[in-house]
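Note on naming: letters A, B, ... go to the chains in the order of the sequence lines (proteins, then strands), and numbering restarts at 1 for each one.
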Number of protein chains: 2
Amino acid sequence: MSYRAPVKDMLFDIEHLANIAQIAQMPGFEDAGLETAQAVLEECAKFNEGVVAPLNVEGDRNPSSWKDGQVTTTAGFVQAYKQFAEGGWQGLQHPADFGGQGLPKTIGAACIEMLNSANLSFALCPLLTDGAIEALLTAGSGDLKSVYLEKLVTGEWTGTMNLTEPQAGSDLALVRSRAEPQPDGTYKVFGTKIFITYGEHDMADNIVHLVLARIPGAPEGVKGISLFVVPKFLVNADGSLGARNDVHCVSIEHKLGIKASPTAVLQYGDHGGATGFIVGEENRGLEYMFIMMNAARYAVGVQGIAVAERAYQKAVEYAKDRVQSRPVDGSVNGPAAIIHHPDVRRMLMTMRASTEGCRAMASVAASAYDAAHHHPDAAVRKQNQAFYEFLVPLVKGYSTEMSLEVTSLGVQVHGGMGFIEETGAAQYYRDAKILTIYEGTTAIQANDLVGRKTARDGGQVAQAIAAQIEKTEGELNKRDSVAARAVAKRLAAARKAFLDVVGFVVQQGKASPNAVFAGSVPYLMLAGNLMAGWQLARSLLVAEDLLPKGQDAEFLQAKIATARFYAEHILAKAPGVRDAIVEGAESVTALPLEAF
Amino acid sequence: MSYRAPVKDMLFDIEHLANIAQIAQMPGFEDAGLETAQAVLEECAKFNEGVVAPLNVEGDRNPSSWKDGQVTTTAGFVQAYKQFAEGGWQGLQHPADFGGQGLPKTIGAACIEMLNSANLSFALCPLLTDGAIEALLTAGSGDLKSVYLEKLVTGEWTGTMNLTEPQAGSDLALVRSRAEPQPDGTYKVFGTKIFITYGEHDMADNIVHLVLARIPGAPEGVKGISLFVVPKFLVNADGSLGARNDVHCVSIEHKLGIKASPTAVLQYGDHGGATGFIVGEENRGLEYMFIMMNAARYAVGVQGIAVAERAYQKAVEYAKDRVQSRPVDGSVNGPAAIIHHPDVRRMLMTMRASTEGCRAMASVAASAYDAAHHHPDAAVRKQNQAFYEFLVPLVKGYSTEMSLEVTSLGVQVHGGMGFIEETGAAQYYRDAKILTIYEGTTAIQANDLVGRKTARDGGQVAQAIAAQIEKTEGELNKRDSVAARAVAKRLAAARKAFLDVVGFVVQQGKASPNAVFAGSVPYLMLAGNLMAGWQLARSLLVAEDLLPKGQDAEFLQAKIATARFYAEHILAKAPGVRDAIVEGAESVTALPLEAF
């Protein structure tokens with residue numbers, strides 16, 4: 001089997017870090033306890049291990065192809081997607097009113113990780129559909145909801161996000177696509193959109209494009225952008241498919257990775273205008289798009305965790321199998337499996353600890369999301385919302401940057417074989433590289449962290465989180481174990497480094513924007529590192545508490561060892577990053593432009 | 001132009017760090033002063049920019065191909081290689097006695113960087129030929145030398161290194177190829193060799209394979225391996241090509257990168273045995289191969305610098321061209337080229353400083369090599385040899401690991417366009433990944449650093465280098481400039497971290513090999529970081545001294561800014577790495593094998 005879902009680790013996080021029992025007490029989540037989580041995760045594992053994972057290599061070797069405006073996906077994708085939809089997986093987290101199962105994100109996130117581990121390219125299609133559903137749920141009219149939502153939630157149709165244009169990437173103020181109002185209340189949409197994931201494919205009967213465009217006379221910049229639904233096929237009053245709309249896929253990209261996922265150039269309105277339906281109010285498109293993007297950013301962070309997990313599993317398998325050289329400690333008298341060599345262990349532990357740390361962070365973030373939406377107490381909802389929003393750029397930015405290192409180490413563990421494409425380790429390295437770019441580059445996440453999430457409230461949320469971390473340190477310091485003490489030491493140092501940086505960002509934000517933004521990505525990396533390390537520290541406390549109860553000793557000991565490794569080898573980087581940010585800002589922008 | 005050789009930076013290092021004037025006073029290097037260096041580098045730049053660099057993308061898109069045992073290289077390679085050989089570039093550093101130019105490595109290394117920046121795949125062929133020349137010069141009989149050396153030095157024929165077999169990668173003790181002695185003093189060679197770079201191609205009339213194999217009855221393990229010359233075509237007494245030898249290319253690999261460079265599986269002896277000629281004495285093959293490998297390891301380090309330089313140049317070009325978003329400091333009122341954004345600057349400065357730091361380290365290492373071979377005083381030769389040998393695993397390991405980060409940042413600067421293969425940034429990311437693997441993985445370099453270069457002499461060479469670094473700190477602290485002080489601070493912290501780790505390695509080496517080797521790669525990274533940072537600190541001193549003289553102010557100011565950035569953002573990582581090594585060894589191997 002090429003992928004084995006880490007159900008046990010996921011359930012540990014869901015039970016002990018994300019506290020599913022508490023979530024199950026919130027209105028609407030009455031059936032969503034640990035037992036449900038376990039049943040869903042096991043079923044999900046079976047589907048992804050058996051159906052989706054085997055198509056991963058195939059998709060890389062025989063990517064989606066384009067001909068005469070049609071895109072044919074990799075052989076097997078159509079059938080697997082049918083099973084995905086029929087299994088109800090698209091609707092997991094979506095409202096029962098529209099055919100979904102209404103489960104918490106805490107459970108859904110684990111399922112999304114599995115789907116992405118199994119096949120990053122395949123998983124992108126449902127990921128974008130999720131975004132379209134979120135946007136319509138939030139801002140769509142009753143009509144739009146009734147026509148589109150159930151079809152999307154059941155996976156019968158798929159969704160896309162159309163933001164990027166050749167001149168407008170990170171800078172959406174530059175969007176030029178236009179939407180001309182028609183007497184019947186619809187719009188005619190014109191323009192070129194690029195980098196549209198699953199913008200055209202053969203896996204569903206209809207594709208629901210969510211498109212940013214300007215209405216003539218709208219204000220310049222981001223305040224003049226509206227959001228439209230532009231379906232590939234118009235929908236008749238009875239819900240059946242009508243005329244082909246004027247949106248056409250003129251090509252797909254030749255990419256470094258995620259090759260099975262078609263990245264389309266879409267041309268709107270070349271034959272008179274594509275019929276579009278406005279979502280919500282005019283000129284509020286960016287606001288709605290942010291709803292999709294926040295959901296998608298969290299999910300892309302999970303993609304990072306997912307590809308890291310798969311790279312880790314492959315590397316472990318190879319390291320246990322490949323025999324080279326005698327261990328330095330003489331524990332084997334002759335050539336041994338390379339997992340006996342300390343540096344191979346260091347690489348595998350780095351991969352494992354990074355992945356588990358980010359998974360724990362993402363699980364806690366999902367739990368905060370659930371509480372923010374379902375907790376009966378408004379104050380608790382607000383607090384959780386703030387925590388979740390602080391974590392989103394970290395889940396996205398840190399987990400995906402982490403996945404670059406982990407997939408690189410995955411190749412490295414394989415030695416020369418890793419460089420041979422047939423081995424498969426290189427695919428993860430290639431696939432992962434998009435994750436730090438799309439749905440907002442790491443720098444864009446860092447801007448969000450610095451601006452909206454730190455400077456805006458004067459660092460209050462950040463400091464509140466640091467106070468929570470300090471409590472965890474207190475608990476660690478009460479323990480006798482060497483591991484707990486070692487983790488407490490690194491956690492405290494990282495927290496102090498974090499607070500210094502938060503202070504720097506808050507104090508310098510207005511006076512020295514260049515200095516603050518020079519350190520924005522390092523700040524994101526430090527904060528993500530701290531959050532992941534904190535959650536592993538909490539895991540250690542839980543594991544130590546559970547150990548005397550006698551079950552799962554091997555798993556719990558591994559949790560402790562992994563948490564300690566994380567603290568000593570990854571969290572230990574935090575103070576150096578603090579120094580670079582707080583003391584080194586000037587040298588980032590010191591070189592004049594002409595000197596480059 | 002897709003590549004512009006950094007001749008000015010190279011000459012700065014050659015003049016001020018590597019001290020070419022001193023080298024030119026050594027016997028045999030009388031004509032090798034700064035003027036020669038400048039003339040050679042400028043000619044070399046012209047050739048590589050104009051002839052070799054344009055073939056880089058082509059080689060990636062249309063790699064070498066195999067058919068019926070023949071390998072056809074990318075269109076244009078044969079002609080470019082002809083020009084390379086006719087230009088005398090292969091013989092640059094090789095003895096005039098065999099048709100070379102006998103220039104110092106200090107000059108040659110810069111030329112090798114240019115060739116590799118221009119085209120990593122193309123450059124591999126001469127790189128391997130260099131190794132074959134070194135081995136024959138050191139251990140070849142007079143006969144072998146007279147038959148093969150001039151043909152190799154002039155580039156008429158090319159060389160290969162045949163070490164790896166399917167079961168023997170890093171662990172050469174497992175080599176199984178055999179060589180049976182024949183009555184005429186030759187050997188019949190049998191076996192399968194894999195991963196043989198340019199093991200078959202159409203660029204030269206003959207290929208001189210240097211092959212590790214066992215003579216029947218030889219001791220087991222690495223002490224029973226001998227080295228053989230096995231030419232593709234046997235050579236007649238008059239020097240003309242004779243019969244085709246029994247070595248055949250049965251396939252070439254499908255790789256992540258360096259696609260134009262054919263990586264061959266070679267089958268020896270399927271038709272009665274390949275005729276081989278022993279190099280030096282029986283059972284000393286590994287020793288001779290190490291001569292080739294040390295030359296090749298240094299050169300692979302230079303490949304890391306080379307691909308980093310090219311990725312940097314491409315990223316700068318894009319960052320100056322691509323317009324997105326208003327700068328945070330309001331310096332431009334509207335969307336600006338992304339080089340105005342602090343995080344883009346941080347990425348470009350990281351790329352630039354890393355590349356310049358490693359280049360400076362490599363230049364100083366080359367200078368030590370030249371002094372080790374040409375200085376009239378034996379004690380000076382010995383000291384330089386020790387310094388060079390300490391630096392080789394750092395040049396190889398650190399520069400190549402650095403190139404992974406730099407080429408990844410290169411993609412990142414391009415945003416979504418970076419992920420599209422046509423853009424070209426992704427090729428560097430893919431190409432670079434082999435560099436931390438071949439000619440000994442980073443872990444193998446780190447083993448060398450820990451064992452032969454640190455533990456064996458009780459840390460003496462390492463400590464002597466640290467004492468030199470402390471002197472540089474002293475000079476920095478005498479300066480008034482903020483930059484010098486800032487660099488001195490980070491340099492001192494990194495040096496102390498280094499000394500702690502050296503102490504740890506020396507003290508724990510015997511008692512706790514697992515603990516020491518658990519930190520071997522981090523030690524290599526810390527040491528490489530320190531050496532590169534040290535050389536940039538020296539650069540800063542030189543630049544500050546030269547500035548008042550009024551020439552090249554922009555270049556010198558850039559050197560100072562780059563050195564400071566390196567210290568504050570890269571060297572600042574060193575203390576955290578020290579903590580991980582010295583205090584975190586236990587957690588690397590704490591997880592039992594079964595728990596993975």
Side-chain angles (χ1 to χ4, degrees), chain A residues 169-171 174 195 253-256 316 324-325 328-329 335 339 342-343 345-346 348-349 404 408 411-412 415-416 419-422 426 433-434 436-438 441 443 446 513-514 517-518 520-521 554 558 561 564-565 568-569 572-573 575-576 579-580 583-584 587-591 593 595-596, chain B residues 169-171 174 195 253-256 316 324-325 328-329 335 339 342-343 345-346 348-349 404 408 411-412 415-416 419-422 426 433-434 436-438 441 443 446 513-514 517-518 520-521 554 558 561 564-565 568-569 572-573 575-576 579-580 583-584 587-591 593 595-596:
Chain A
S170 298
D171 188 358
L174 302 177
F195 295 166
E253 306 291 352
H254 171 222
K255 306 190 301 291
L256 173 62
V316 166
Q324 287 288 281
S325 302
V328 287
D329 64 0
I339 196 167
D343 189 64
R345 291 282 267 283
R346 183 190 60 81
L348 294 177
M349 285 303 295
L404 299 187
S408 177
V411 174
Q412 191 72 18
F419 202 66
I420 306 299
E421 284 287 4
E422 283 75 5
K433 193 69 198 83
I434 191 59
T436 59
I437 297 172
Y438 66 15
T441 63
N514 277 346
F517 285 93
S520 60
V521 166
E554 189 192 312
R564 183 173 172 189
F565 179 90
E568 293 186 331
H569 295 268
K573 293 176 187 170
D579 291 350
E583 299 174 18
S587 59
V588 174
T589 49
L591 196 72
L593 294 187
F596 280 91
Chain B
S170 297
D171 188 358
L174 302 176
F195 295 164
E253 306 291 352
H254 171 221
K255 306 191 300 293
L256 173 62
V316 167
Q324 287 288 282
S325 301
V328 286
D329 65 0
I339 198 168
D343 189 64
R345 292 282 267 283
R346 183 190 61 80
L348 294 177
M349 285 303 295
L404 299 187
S408 177
V411 175
Q412 191 72 18
F419 201 65
I420 307 299
E421 284 287 5
E422 282 76 5
K433 192 70 198 81
I434 191 60
T436 59
I437 296 173
Y438 66 15
T441 63
N514 277 347
F517 284 93
S520 60
V521 166
E554 189 191 315
R564 181 172 174 191
F565 179 90
E568 293 186 330
H569 294 268
K573 293 176 188 171
D579 291 350
E583 299 174 18
S587 60
V588 174
T589 49
L591 197 71
L593 294 187
F596 279 92

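With chain A as the partner, the residue from B/I420, B/L174, B/D579 showing the most heavy-atom pairs under 4.5 Å is B/I420. Counting heavy-atom pairs closer than 4.5 Å to chain A, the top-ranked of the candidates B/L348, B/I339, B/V316 is B/I339. When each of B/G416, B/P575, B/A446 is scored by its heavy-atom pairs under 4.5 Å with chain A, the top score falls to B/G416. If you tally non-hydrogen atom pairs under 4.5 Å between each of B/A590, B/A595, B/A443 and chain A, the highest count goes to B/A595. For the options B/H254, B/E422, B/E554, B/K255, heavy-atom pairs under 4.5 Å to chain A are most numerous at B/H254. When each of B/P513, B/G576, B/A561, B/A572 is checked for heavy-atom pairs under 4.5 Å with chain A, B/P513 comes out on top.
Using modelled atom types, no side-chain atom of A/D171 and backbone atom of B/Q324 make a donor-acceptor pair closer than 3.5 Å. Under a 3.5 Å cut-off, the side chain of B/R346 and the backbone N or O of A/S520 do not form any donor-acceptor pair. Checked by atom type and distance alone, the side chain of B/R345 pairs as donor or acceptor with a backbone atom of A/T589 at under 3.5 Å. With B/H569 contributing its side chain and A/G584 its backbone, the two residues share a donor-acceptor pair below 3.5 Å.
The shortest distance between side-chain heavy atoms of A/I437 and B/V411 falls below 4.5 Å.
Residues A/S587 and B/M349 approach most closely at O-CE, 4.3 Å, considering heavy atoms. Nearest heavy-atom pair, B/N514 versus A/P342, reported as atom, atom and distance to 0.1 Å: OD1-CG, 3.5 Å.
For the ring-ring contact (aromatic ring centres under 6.0 Å, His included) test, no residue two or more places apart in sequence or in another chain qualifies with B/F517.
Interface remark: A/V328 contributes backbone and side-chain atoms alike to the contact with chain B (heavy atom separation under 4.5 Å).
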Chi angles and distances behind the side-chain hydrogen bond (donor to acceptor under 3.5 Å, both in side chains) call for B/Q412, A/T441: CA-CA 8 Å; B/Q412 191 72 18; A/T441 63; 4.8 Å; no
